[in-house]
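Structure first, then comments.
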2 protein chains.
Amino acid sequence: MTATGAPRMIQDRALRPTAKVLPEHIRLNNRTLVLQTLYRTGLQSRADLARETGLTRVTVSDLISELMGENLVIELGQRQEPRPGKPATLLDINRVAFQIVTLDLSGHTRLRGAVLSLDGAVLSSSGVELSGARGEAAYEKVAALLRQVIAGATAPILGVGVGSPGIVDRAGVVRNAPNLGWRDEPLQARLQDATGLPVRVVNDANAAVLAEHSFGGADHDLLLVKVGHGVGAGLLMGGRAIFGERFAAGEIGHVVVGTDDGPLCACGKSGCLEAWLSVPRLTSAIQAATDTAATPEQAELATDQILTEAGRRLGIILAPVVGALNLLEIVLSGPPELLDGVLSAATVETILSRTMATETGELTLRMTAQGEDIVLRGAAVMVLSAQLGVS
Amino acid sequence: MTATGAPRMIQDRALRPTAKVLPEHIRLNNRTLVLQTLYRTGLQSRADLARETGLTRVTVSDLISELMGENLVIELGQRQEPRPGKPATLLDINRVAFQIVTLDLSGHTRLRGAVLSLDGAVLSSSGVELSGARGEAAYEKVAALLRQVIAGATAPILGVGVGSPGIVDRAGVVRNAPNLGWRDEPLQARLQDATGLPVRVVNDANAAVLAEHSFGGADHDLLLVKVGHGVGAGLLMGGRAIFGERFAAGEIGHVVVGTDDGPLCACGKSGCLEAWLSVPRLTSAIQAATDTAATPEQAELATDQILTEAGRRLGIILAPVVGALNLLEIVLSGPPELLDGVLSAATVETILSRTMATETGELTLRMTAQGEDIVLRGAAVMVLSAQLGVS
DNA sequence: CATGTTTGTTAGTAAATCTTACGAACTAAA
DNA sequence: TTTAGTTCGTAAGATTTACTAACAAACATG
C-alpha cells in the first residue's frame, strides 16, 4: 500500500517548535535579519538588502525606517559607481552611535576592562590588580572597575559583557569560581542592578570562542583551548556555543591524560591536563631545566622536550573529542611563546596519529589572532547578540 | 555616559536568523506545535491544547480542523469525567492512519526491515542475508527488502527511514560504508525515486540516539555508544543530533586509547577503541580464554578481566568527551551479555576517576531499553520529524 | 430551577508580509 | 537632444495569520 493523502513535508524551520509564534515575532526576525546582513557586509542599499534577504524592497524600507528611528542605522549618501537607474542610497549600521563595555575577569592576578566599538575594536582599556581579593571583596573590585570603564565611554552604552572564569550558568550566575572565591554569585543580576545597563556574564572560554567565531572568521564548528593559570575550552557547534547539562562544558583542565600517570595535580588526581599544560607548570619546568642545563643548547633542547610533551598530552585529550565531534578547527589562546611552536605542532601530530586520517586530515590548529583581548571581544559578541541579534 | 534610546532587547528566538519569515511560516510552526503536543500527551481537547500551547482556542480549533482534514487527527468522543461546563471533545493523533517503513543496514551480515506505527511500535519485521553483497549488489538487496516491507504495510505509509552504517551526509548520501562497499552512494535519492515515498537516510548510531531520546525518555544531551562489529557513537546536544563538519561525528572506533599501545587494528594503528571493544574481538578473546582455562572459575575470571579492560578503555576514550561536553547521560547499545555488567561498571568508574567529580558526579551510564530495534525505531523518528515535525 | 462554568464557534480587528503600480533619477543609444 | 531602458524607493491595496469579544450549547451545583 502506498501513501494516499500523505501530509505535506515539514520544512527544517518547523522542526521541534518550542513556542507559539505570533505576527510580531515575524517582524523581530526579519528586523534582525536585515540588521545582521548590514552588520556583516556594511554599506548596502535597501534594494541590495532586499535581494540578499529575500524580503521585498517595501518590507526592507519599512524595517530600515524603524531602525533609523532607533539610531541604529544611518544613510551615507548615494552610491557613486556609474550604473544605470536611480542611484542607490547607501546604508550602514551606525557604528559610532553606541559602545560596548566589557570585562575580562580571567586573569589570575589582574582584572581587565575595556570600551569597544560595535565592530569589536578596543577603544580604551584599563585594569586593576586583584590583589588576592576574594568573595565580596572581589565583587567590589569588579563593580568598581566596571564603574570606571563605564565612565570612560564616549557614546551611549549598548550593554555590558563580562567574561568570568569558572562555571557560569545561563542566567549569568557564577556557580563556582575558585580563584575569585565565588559560589553561586549572581554577578549578572547584581551588575545589572548596579549599573542599570543590560549585562551578560559568560564563561571566559565561551566568550573567547565567540570572539574567534565572529572576528576570527572561524567556521561553524570550533574548539578553542585557553591556556593560562588553568586550562579551559570553549566549544561551538553549528554556530552555537555548547554550555553543557550543568554549564560546565569545556572544563577539560582536570581530565586525566593517558594511562601512565603523570604529575600530581592540585585537585588530587595524577596526570590531569592542567598538571601538564598550565602556564605556571610550563614556565617553572622550563626554568628548572634551564637552571640545570650546562649549555644554552641543552637548555633549549630541554625546553623543547617539555613543550613537545605538553603538546602531545593536549593532543591525547583532544583526539577523542575531535573524533567524536568530527572537528576540523582548533584554536589555541594563551602565551604564544609557549604555545606557538613545538607545542602546537606536537598537538596536531598527536591528534592526527590517534584518529582516522580520512576524517581529520583537514584538521587545522592555529593560534588565535585575537591576542590578549580575546575575552573582551568575546564578551562584546555576547552583548551584540543579546541586544541586536547580531554577531 | 549611560544608555539613551538604547534598542530593545532581542529575544532568544531572534538570535542569528538565517532566513526571512512570512505569515505562512507562523502557521506551520503553530500547526507543528499543536501536533507535537498532541503526539506527546495524547487525548486532549481543543481547550487543553490552547492552554498548553498558549494559542487561543480559536486558533487551535482552526489548526485542528486542518489536521483533521489531512486525517492526521481524529475526534474520540467526549470526555467522561464529571466536570462543570460543556464536556470536552477529546482529540488524538490518528495513530493507525499511517505507518512508517524503516530499514536497519547496520548488521554485519543481515539487513533488517520493519513496519512501525506512528508510536514507534514494531508491527512487523523481516530481514535478508547480506551474503557478502557489496556495491550495486548491496543496493539491490536493500531495494528489494524495502519493496517487500512496503508491500507488508497495512496503512498509507508516512515515509521511509533508513539507518545505514558509515558516513552519511545531510542529503542521505552514504559517503563511505566499507562493509557495504559504498562510496558516495546517493541512497536516499535512489530509494525515493524507486518508491515514490519520502525517504530519510541517516547514520545508524545517529538513528539510535534519536530513538533513545524520543522513546527512551533520555535528556537533551546524550551520547549513545553502539557496539557491534564496529564501534560508533551518536551524539545529541540540546535535543539536536550532532553531525560534525564532515558528517563523521561519532566515529570513535578508530581513536587510539591510552598511551601504552594495544592490539593492532585493521586500520593499521595500534590500540584503537575498536581493537579493544568490538564484538568479534571480545567474543574471540573470551573464547580463547575459556578454551585455555583449567576450570570454569578460571574461565569466568578471565572473561571478567577481558570485559573490565574493555570497559576501562571505553572510559578512557569517553572521559575527555564527557568533560568537554559536560555530559551526564551515556547509553550503551549492543549485546547485553557483553556490555551489561562488569564492562559498563568499569566504564563508569573510569570516567568518574578521570574527570572532575563535581561536574560528572551525576553521570549515568545504562543499557538502552530499545533492544535490537533501536535503529529501526530511530529511523522512524527521522520520518516523524521530517514529515510531521513531531518526535 | 437558576446560576455559574467550560467548550467550541462566529464575527470582526490588528499586525505582518506581499503584489502591483508609480514617480524619480540615472545611463545609453538613436 | 530626445528616447528608451534600468534601478531605486515609496504608496495603496490584498492576503495571511492570530488575536479579542461575544455567544450558544451543555453540564454541575446549590
Side-chain angles (χ1 to χ4, degrees), chain A residues 8 11 13-14 17 19-35 38 43-69 73-92, chain B residues 8 11 13-14 17 19-34 37-38 43-69 73-92:
Chain A
R8 83 183 85 144
Q11 294 146 20
R13 80 166 68 244
K20 66 172 176 175
V21 174
L22 302 180
E24 61 246 43
H25 298 132
I26 297 189
R27 183 75 166 183
L28 192 54
N29 181 301
N30 290 342
R31 171 196 143 108
T32 305
L33 180 62
V34 166
L35 204 57
L38 209 45
L43 275 189
Q44 290 191 294
S45 68
R46 292 170 175 85
D48 293 333
L49 288 169
R51 274 185 292 269
E52 190 148 344
T53 60
L55 296 164
T56 60
R57 292 200 304 273
V58 181
T59 304
V60 169
S61 279
D62 198 41
L63 289 165
I64 288 292
S65 76
E66 178 183 311
L67 291 166
M68 287 177 66
V73 169
I74 49 174
E75 292 189 338
L76 288 170
Q78 296 192 336
R79 181 178 276 143
Q80 292 304 329
E81 308 163 26
R83 291 202 300 186
K86 178 177 172 179
T89 310
L90 292 174
L91 305 167
D92 196 6
Chain B
R8 84 183 84 144
Q11 295 149 18
R13 81 166 68 246
K20 67 171 176 175
V21 174
L22 302 180
E24 62 246 42
H25 297 133
I26 298 188
R27 184 75 167 181
L28 193 54
N29 181 303
N30 290 342
R31 173 196 141 108
T32 305
L33 180 63
V34 166
T37 308
L38 209 46
L43 275 188
Q44 289 191 295
S45 68
R46 293 170 174 83
D48 293 333
L49 288 169
R51 275 185 291 267
E52 191 148 343
T53 60
L55 297 164
T56 61
R57 291 199 305 268
V58 181
T59 304
V60 169
S61 281
D62 199 39
L63 289 166
I64 288 292
S65 74
E66 178 183 311
L67 292 167
M68 286 177 66
V73 170
I74 50 174
E75 293 189 336
L76 288 170
Q78 297 192 335
R79 179 178 277 142
Q80 292 305 330
E81 308 163 27
R83 292 202 300 188
K86 178 178 171 180
T89 309
L90 291 176
L91 305 167
D92 195 7

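Numbers restart at 1 for each chain; the letters A, B, ... are given by sequence-line order, proteins then strands. Source: prediction; values computed, not measured. Just so you know, these numbers use all the heavy atoms, side chains as well, and skip hydrogens, waters and symmetry mates.
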Rounded to the nearest Å, what distance is computed from the CD atom of residue B:Gln80 to the C1' atom of nucleotide D:dA26? 14 Å
Smallest heavy-atom separation, A:Pro87 atom then A:Arg79 atom, equals CB-O, 4.2 Å
Using OP1 and OP2 only, check whether a side-chain N or O of A:Asn30 sits under 4.0 Å from C:dA16. no
Side-chain N,O (A:Thr59) to OP1/OP2 (C:dA16) below 4.0 Å: no
Specify the separation, in whole Å, of atom CD of B:Glu81 and atom C1' of D:dA26. 16 Å
Could you check how far CG of A:Leu91 sits from P of D:dC8, rounded to whole Å? 12 Å
Do any side-chain nitrogens or oxygens of A:Ser61 fall under 4.0 Å of OP1 or OP2 in D:dG9? no
Pair B:Ser45-B:Asp48, side-chain donor/acceptor within less than 3.5 Å: yes
Contact state string [nucleotides 19-29 of chain C, B base, S sugar-phosphate only, - no protein heavy atom under 4.0 Å]: BB--BBBBS--
DNA chain C: 5'-proximal contact among A:Pro23 and B:Thr89 (nearest heavy atom): B:Thr89
Which ones in residues 43-53 of chain A lie close to DNA chain D, meaning a heavy atom under 4.0 Å from one of its atoms? A:Ser45, A:Arg46, A:Ala47, A:Arg51
Can you tell me the distance, in whole Å, between the CD1 atom of B:Ile26 and the P atom of C:dA16? 10 Å
Under a 4.5 Å cut-off applied to non-hydrogen side-chain atoms, are B:Glu52 and B:Val60 in contact? no
Side chains of A:Glu75 and A:Arg46: closer than 4.5 Å at any heavy-atom pair? yes
Do you know the tightest heavy-atom contact between B:Lys20 and A:Asn30? CA-OD1, 3.4 Å
Scan B:Asp62 against the nucleic acid and name what it touches under 4.0 Å (heavy atoms): base, sugar-phosphate only, or nothing. nothing
Any side-chain N or O of A:Lys20 less than 4.0 Å from the OP1 or OP2 oxygen of D:dT17? no
Of B:Ile74, B:Leu49, B:Leu76, which is the lone residue that meets side chain to side chain contact (heavy atoms under 4.5 Å, CB included) with B:Leu91? B:Leu49
Distance in angstrom units between A:Arg27 CZ and C:dA14 P, rounded: 17 Å
Between CD1 of A:Ile64 and C1' of D:dT10 the distance, given in whole Å, is 14 Å
